[in-house]
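Step one of this worksheet: look at the structure below.
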Amino acid sequence: MSVTISQLRATASVDLMTAALALGLGRTKAYDLARRDQFPCRVIRIGETYRVPTAGLLELLGVTAEGPRSQTPAGSRA
C-alpha cells in the first residue's frame, strides 16, 4: 500500500501509520520513535492516539502544502 502527496495534502493531519508509510517506516519503528519523541517530524499525542501534522510531514518529504517544489531555477523560463 502507498500514500500519495495529493492524499497527504487533503487533510491537516494524518495518523502515525500513514506518516510512517510515507517515510518508508514500519509500524514497530514508527511507534518506537514516536514514544521516544524521535519521530523525524512533529507528532501530537491525543490520549493513546498519535497524529502527525501534514505540513511538517510534507516539508520533511521536500514538498509544500500547495504543490511540489519547482525543479527549474527561479527566474528561468521553461
Side-chain angles (χ1 to χ4, degrees):
M1 192 168 132
S2 64
V3 62
T4 67
I5 298 301
S6 296
Q7 290 170 320
L8 292 176
R9 285 191 186 117
T11 183
S13 68
V14 294
D15 60 83
L16 187 64
M17 287 313 307
T18 300
L21 182 63
L23 296 171
L25 297 173
R27 178 182 175 85
T28 303
K29 186 65 169 180
Y31 277 94
D32 182 52
L33 291 171
R35 273 191 290 275
R36 293 188 287 131
D37 292 326
Q38 293 182 347
F39 200 78
C41 57
R42 184 174 172 221
V43 175
I44 301 168
R45 186 170 180 179
I46 305 167
E48 296 296 317
T49 303
Y50 292 97
R51 300 294 295 177
V52 177
T54 52
L57 178 59
L58 290 169
E59 182 179 337
L60 181 64
L61 293 171
V63 295
T64 64
E66 298 82 36
R69 289 185 182 165
S70 173
Q71 297 299 313
T72 52
S76 69
R77 295 184 181 194

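The backbone N or O of Thr11 lies less than 3.5 Å from a partner atom in the side chain of Thr54, making a donor-acceptor pair. With Arg45 contributing its side chain and Gly47 its backbone, the two residues share a donor-acceptor pair below 3.5 Å.
The shortest heavy-atom contact between Lys29 and Arg36 is NZ-NH2, 4.5 Å. Contact record, Ala20 with Gly26: CB-O, 4.5 Å, taken as the closest heavy-atom pair. Taking all atoms of both residues into account, the shortest heavy-atom contact from Leu33 to Pro40 is CD1-CD, 4.4 Å.
Atom CD of Gln38 and atom CG of Asp32 lie 8.0 Å apart (nearest 0.5 Å). Once rounded to the nearest 0.5 Å, the distance linking SG of Cys41 with CG of Leu58 reads 9.5 Å. For the atom pair CZ (Arg42) and OG (Ser13), the distance works out to 10.0 Å, reported to the nearest 0.5 Å.
More than 12 heavy atoms of other shown residues, nucleotides or ligands fall within 6.0 angstrom of atom CZ in Arg51.
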Tell me, with the steps shown, if Leu57 and Leu23 meet side chain to side chain contact (heavy atoms under 4.5 Å, CB included). CA-CA 9 Å; Leu57 178 59; Leu23 296 171; 4.0 Å; yes

Decide yes or no on side chain to side chain contact (heavy atoms under 4.5 Å, CB included) for Arg9 and Val63, but give the supporting numbers first. CA-CA 10 Å; Arg9 285 191 186 117; Val63 295; 4.2 Å; yes

In sequence, state the C-alpha distance, the side-chain angles, and the governing distance for Ile44 and Thr49, and then conclude on side chain to side chain contact (heavy atoms under 4.5 Å, CB included). CA-CA 8 Å; Ile44 301 168; Thr49 303; over 6 Å; no

One pair to check against side chain to side chain contact (heavy atoms under 4.5 Å, CB included): Asp15 and Val52. What are the steps and the verdict? CA-CA 6 Å; Asp15 60 83; Val52 177; over 6 Å; no

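A centroid separation of 6.0 Å or more is found between the aromatic rings of Phe39 and Tyr50.
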